[in-house]
Amino acid sequence: MEAKEVVSIIQSYRHDLLNDLQIIQGYVKLGKMEKVDDNLNKLFAFFHKERKLLNLNIPHVVIWFLEFRMKYNQFKLDYSIRVDDIKLTDTDLYIKEKLDQIIQDIEQRADDENVYTIHVDFTENEKGCTINVSIDLKERSAEDNIPPSEDIYIKQTPEKRIYSFDVFAS
């Protein structure tokens with residue numbers, strides 16, 4: 001990654017953080033302390049979730065998450081981490097590659113006129129971690145159900161598409 005790209009990611013991250021703080025500051029000035037408390041709790045929850053992601057020790061995936069908003073205007077990204085004390089260091093590039101394949105598949109299926117929320121869930125299992133990527137995306141064509149990779153399992157419901165793959169902790 002080039003220095004310019006790193007600075008761009010930092011600038012974007014800083015911009016978002018400052019926006020959140022300005023909203024809180026506005027509520028303080030208006031004396032709306034309940035709104036201040038709500039927004040601070042959301043900010044702390046975000047940092048707690050981000051810390052859990054960082055603790056997985058997967059730097060390429062973390063950068064992928066940070067770059068996502070800058071790359072994809074049509075998609076919003078959310079994630080959850082239900083992993084305690086495992087490190088996924090050895091699977092970092094593998095996870096990133098699978099996430100790229102899934103997003104490529106989603107882009108081909110998404111309607112250009114809508115904004116979609118994609119949720120990535122890291123769930124600990126007995127051997128490592130299962131990663132599920134879900135999107136509220138109705139399948140447009142039953143025959144177009146080709147998985148992006150042999151390692152990725154896909155479940156299509158009437159309203160949601162779920163991609164799933166496993167990684168093993170070292």
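The environment of Arg51 atom CZ is dense: over 12 non-hydrogen atoms of other residues, nucleotides or ligands sit within 6.0 angstrom. Atom NZ of Lys35 sits in a sparse spot, with 12 or fewer heavy atoms from other residues, nucleotides or ligands closer than 6.0 Å. Remark: Lys49 NZ is packed, more than 12 non-hydrogen atoms of other residues, nucleotides or ligands lying under 6.0 Å away. The number of heavy-atom neighbours closer than 6.0 Å to CG of Asp85, taken from other residues, nucleotides and ligands shown, is 12 or below.
You'll find the side chain of Asn39 stays beyond 4.5 Å of the side chain of Asp37, heavy atoms only. Inter-residue side-chain proximity for Ile152 and Ile102 is flagged as met; some heavy-atom pair is nearer than 4.5 Å. Within the 4.5 Å cutoff, the side chain of Glu50 has heavy atoms near those of the Tyr79 side chain. Under the 4.5 Å side-chain criterion, counting only non-hydrogen atoms from C-beta, Lys76 is in contact with Val115. A heavy-atom distance below 4.5 Å is found between the side chains of Phe65 and Leu53. A heavy-atom distance below 4.5 Å is found between the side chains of Ser80 and His119. Side-chain contact between Ile103 and Ile118 is present, with at least one heavy-atom pair separated by less than 4.5 Å. Residues Val6 and Ile63 fail the side-chain proximity criterion, which asks for heavy atoms closer than 4.5 Å.
Residues Val120 and Ile131 share a closest heavy-atom pair of CG1-CG2, 3.9 Å. Closest of all the heavy-atom pairs between Asn132 and Ser164 is OD1-OG, 2.8 Å. Leu137 and Arg109 make their closest contact through CD2-CB, 3.7 Å (heavy atoms, listed as atom of the first residue, atom of the second, distance). Taking both residues in full, the closest heavy atoms of Gln74 and Asp112 are given as NE2-CA, 3.5 Å, listed atom of the first, atom of the second, then distance. Closest approach of Glu67 and Ile9 over heavy atoms only: CG-CD1, 3.3 Å.
The only option from Leu77, Ile95, Asp92 that meets the side chain to side chain contact (heavy atoms under 4.5 Å, CB included) definition with Trp64 turns out to be Leu77.
Using a distance-only test at 3.5 Å, with no hydrogens or angles considered, no donor-acceptor pair links the side chain of Lys87 to the main chain of Leu56. Side-chain atoms of Gln156 come within 3.5 Å of backbone N or O of Lys160 as a donor-acceptor pair.
One hydrophobic cluster holds both Phe46 and Ile10 under the rule that ILVMFWY side chains link at heavy-atom gaps under 4.5 Å. Hydrophobic clustering, with ILVMFWY side chains joined whenever heavy atoms are under 4.5 angstrom apart, groups Tyr13 together with Val62. The hydrophobic cluster containing Leu99 also contains Phe68, counting ILVMFWY residues as joined when their side-chain heavy atoms lie under 4.5 angstrom apart, directly or transitively. Hydrophobic clustering (side-chain heavy atoms under 4.5 Å, transitive across Ile, Leu, Val, Met, Phe, Trp, Tyr) groups Phe47 together with Val83. Note on Met33: it clusters hydrophobically with Phe44, by side-chain heavy-atom contacts below 4.5 Å among ILVMFWY residues.
Salt-bridge formation is not detected for the pair Asp38/Lys32: no Lys NZ or Arg NE/NH1/NH2 atom is positioned less than 4.0 Å from an Asp or Glu carboxylate oxygen. Under the 4.0 Å criterion applied to side-chain N and carboxylate O atoms, Arg161 and Asp136 are not assigned as salt-bridge partners.
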For the pair Tyr72 and Glu107, evaluate side-chain contact (heavy atoms from CB on, under 4.5 Å) and give the outcome as yes or no after the intermediate values. CA-CA 9 Å; Tyr72 303 102; Glu107 280 184 302; 3.4 Å; yes
Val167 vs Lys98, side-chain contact (heavy atoms from CB on, under 4.5 Å): CA-CA, chis, key distance, verdict: CA-CA 11 Å; Val167 293; Lys98 296 303 165 201; over 6 Å; no
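Atom CD of residue Glu97 and atom CZ of residue Phe165 lie 9.5 Å apart, to the nearest 0.5 angstrom. Rounded to the nearest 0.5 Å, atoms NE2 (His60) and CG (Leu93) are 4.5 Å apart. Rounding to the nearest 0.5 angstrom, the gap separating the CD atom in Glu2 from the OG atom in Ser8 is 12.5 Å. Atom-to-atom distance recorded for Leu43:CG and His48:NE2 is 13.5 Å, nearest 0.5 angstrom. The CD1 atom of Ile58 sits 5.5 Å away from the CG atom of Leu88 when rounded to the nearest 0.5 Å.
A donor and an acceptor atom, one from each side chain of Asp121 and Thr123, are located under 3.5 Å apart. Side chains of Tyr153 and Asp166: no donor on one and acceptor on the other come within 3.5 Å. No hydrogens or angles considered: a donor-acceptor pair under 3.5 Å links the side chains of Asp105 and Tyr163.
Between Tyr116 and Phe75, the two ring planes are tilted [angle within 30° to 60°].
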